[in-house]
Amino acid sequence: MPRTPKPSGRRQGKGYGDRRVANREPIQRFLIVCEGEKTEPHYFNNFHVPSSLVLNVLGIARDPLRLVSRAIHERQAEQYDQVWCVFDKDETPPDPFNQAIQEAERAGIHVAYSVQAFELWYLLHFDYVDVATPRVDYITRLREKLGWPYAKNEATLYRELRPRQEVAMRHAKTLQAQYTSRNPAEHDPSTTVHLLVAELNRFTPQSRFGDGESTSSS
């Protein structure tokens with residue numbers, strides 16, 4: 001009578017390999033096209049993204065309308081799960097600013113805008129800001145809050161501000177909720193950067209920061 005081979009204890013064959021592939025976390029591909037060449041790219045590039053998230057951040061120094069056109073072009077050239085444009089109201093006239101947001105929405109591209117400047121998002125980590133002020137005052141206030149000379153090309157702001165991020169998220173949501181018109185250019189101050197941060201946090205292991213919290217966009 002033939003002897004039955006003993007199990008080797010090692011799983012072999014196609015079935016095991018298929019199960020390993022099926023258990024892998026799906027890759028999420030983000031493209032973030034920024035108006036600023038340094039400030040915004042430095043911030044988003046400092047997110048601690050896992051291997052399951054591909055983050056491509058471009059700083060191209062273009063006005064909002066051309067920024068949206070570039071994002072559409074990049075999406076056509078390569079497949080992404082989410083495409084975001086990050087830009088400020090700054091010196092952009094109201095009509096082109098609003099038009100850029102509308103064109104992005106029609107193209108299925110998300111927008112993280114700030115009125116007047118990206119530094120408003122930084123300030124919201126410390127205080128609830130709901131009074132329009134000249135954007136140059138943002139820098140002065142940031143220096144007071146940080147306790148050191150803030151510069152627009154500062155590469156460590158994400159790590160410095162991360163412990164206060166939940167505060168900024170709440171402030172940004174409350175600020176945005178006070179505006180009801182479809183005229184973002186007049187929503188001063190306002191920012192939707194928190195929406196992009198929330199999406200990145202969905203795929204970022206929060207435990208690395210020791211807070212165990214997860215942020216959602218809802």
Side-chain angles (χ1 to χ4, degrees), residues 30 32-36 38-44 47 57 59 61-68 71 82-146 150 152 154 157-158 161-162 164-202 215-218:
F30 274 70
I32 304 176
V33 185
C34 303
E35 178 184 24
K38 293 183 178 180
T39 303
E40 296 92 335
H42 279 325
Y43 180 78
F44 292 112
F47 271 71
V57 183
R62 295 288 188 272
D63 63 80
L65 279 170
R66 288 195 289 173
L67 197 76
V68 172
Q82 294 193 35
V83 179
W84 288 79
C85 285
V86 180
F87 54 82
D88 301 338
K89 169 64 173 64
D90 207 358
E91 299 291 344
T92 305
D95 287 346
F97 180 80
N98 290 337
Q99 184 182 348
I101 296 174
Q102 293 164 5
E103 289 191 5
E105 291 176 347
R106 283 195 293 268
I109 291 173
H110 307 283
V111 175
Y113 66 79
S114 298
V115 181
Q116 296 291 327
F118 188 80
E119 281 79 8
L120 172 63
W121 167 245
Y122 292 161
L123 280 175
L124 291 175
H125 286 71
F126 300 96
D127 295 322
Y128 179 64
V129 181
D130 63 351
V131 177
T133 57
R135 64 184 184 281
V136 294
D137 291 350
Y138 291 174
I139 306 301
T140 301
R141 295 179 65 176
L142 270 175
R143 289 172 178 171
E144 293 173 352
K145 295 298 180 181
L146 292 168
Y150 165 79
K152 290 184 71 67
E154 176 58 55
L157 255 295
Y158 177 81
L161 297 177
R162 180 60 186 85
R164 298 175 176 268
Q165 190 180 96
E166 291 299 319
V167 174
M169 298 290 286
R170 290 195 299 271
H171 285 164
K173 290 177 182 178
T174 302
L175 183 61
Q176 200 65 21
Q178 75 175 4
Y179 300 110
T180 57
S181 72
R182 289 286 297 170
N183 191 357
E186 293 185 351
H187 300 170
D188 187 8
S190 66
T191 184
T192 59
V193 172
H194 65 289
L195 301 178
L196 172 53
V197 172
E199 283 303 302
L200 290 173
N201 282 348
R202 288 178 57 205
T215 306
S216 68
S217 57
S218 58

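Using a cut-off of 4.0 Å between Lys/Arg side-chain N and Asp/Glu carboxylate O, K145 and D127 are scored as salt-bridged. The existence of a salt bridge linking E119 and K152 is confirmed by a sub-4.0 Å separation between a basic side-chain nitrogen and an acidic carboxylate oxygen. Contact check on E144 versus R141 returns no salt bridge, with no Lys/Arg side-chain nitrogen under 4.0 Å from an Asp/Glu carboxylate oxygen. Residues D90 and R135 are paired through a salt bridge, judged by an N-O separation under 4.0 Å between the basic side chain and the carboxylate.
Distance alone, capped at 3.5 Å, places no donor-acceptor pair between the K38 side chain and the P41 backbone. Remark: side-chain polar atoms of R143 are paired, donor with acceptor, to backbone N or O of Y150 under 3.5 angstrom. Side chain of N98 to main chain of N183: no donor-acceptor pair is present (N/O by atom type, distance under 3.5 Å, no hydrogens or angles). With hydrogens and angles ignored, the 3.5 Å screen pairs a side-chain donor or acceptor of H171 with a backbone N or O of L124. Side-chain atoms of D63 come within 3.5 Å of backbone atoms of L65 as a donor-acceptor pair (strictly under, hydrogens ignored).
A 4.5 Å side-chain heavy-atom check between S114 and Y138 finds every atom pair outside the cut-off. V197 is listed as a side-chain neighbour of M169, based on a closest heavy-atom distance under 4.5 Å.
Between the CG atom of L161 and the CG atom of L142 there is a distance of 8.0 Å, given to the nearest 0.5 Å. A distance of 8.0 Å separates CH2 in W84 from CZ in F30, rounded to the nearest 0.5 Å. Separating the OG1 atom in T133 from the CG atom in D130 is a distance of 10.5 Å, to the nearest 0.5 Å. In this structure, CD1 in I101 is found 10.5 Å from SG in C85, a value given to the nearest 0.5 Å.
Looking at residues two or more places apart in sequence or on another chain, you find no ring-ring contact (aromatic ring centres under 6.0 Å, His included) involving H42. For the side chain to side chain donor-acceptor pair (under 3.5 Å) test, residues two or more places apart in sequence or in another chain that qualify with E103 are Q99. For Y113, the side chain to side chain donor-acceptor pair (under 3.5 Å) criterion is met by Q176, not counting sequence neighbours.
No side-chain donor-acceptor contact under 3.5 Å links Q116 and D88.
Here the closest non-hydrogen pair linking Y179 and D188 is OH-C, 3.4 Å. The minimum heavy-atom distance linking V68 with A100 is given by the pair CG2-O, 3.5 Å. Taking every heavy atom of both residues into account, P184 and S190 meet most closely at O-OG, 4.5 Å.
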Go through V33 and V86 one step at a time and tell me if the side chain to side chain contact (heavy atoms under 4.5 Å, CB included) criterion holds.
CA-CA 6 Å; V33 185; V86 180; over 6 Å; no
Does R62 form a side chain to side chain contact (heavy atoms under 4.5 Å, CB included) with E35? I'd like the steps, not just the answer.
CA-CA 6 Å; R62 295 288 188 272; E35 178 184 24; over 6 Å; no
Does the side chain to side chain contact (heavy atoms under 4.5 Å, CB included) test come out yes or no for V129 and L175, once each step is laid out?
CA-CA 8 Å; V129 181; L175 183 61; 5.8 Å; no
Would E105 and R182 count as a salt bridge (charged side-chain N to carboxylate O under 4.0 Å, His left out) here? Give the steps.
CA-CA 13 Å; E105 291 176 347; R182 289 286 297 170; 3.3 Å; yes
For a side chain to side chain contact (heavy atoms under 4.5 Å, CB included) check, start with the C-alpha distance between I109 and Q82, then their side-chain angles and the critical distance, and finish with the verdict.
CA-CA 7 Å; I109 291 173; Q82 294 193 35; over 6 Å; no
Would T192 and H110 count as a side chain to side chain donor-acceptor pair (under 3.5 Å) here? Give the steps.
CA-CA 10 Å; T192 59; H110 307 283; over 6 Å; no
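Ring geometry for W121 against H125 counts as perpendicular: the plane angle is over 60°, on a 0 to 90° scale with 30° as the lower cut.
Taking the six-membered ring where the residue is Trp, the centroids of Y43 and Y122 are separated by under 6.0 Å. A distance below 6.0 Å separates the ring centres of F87 and F97.
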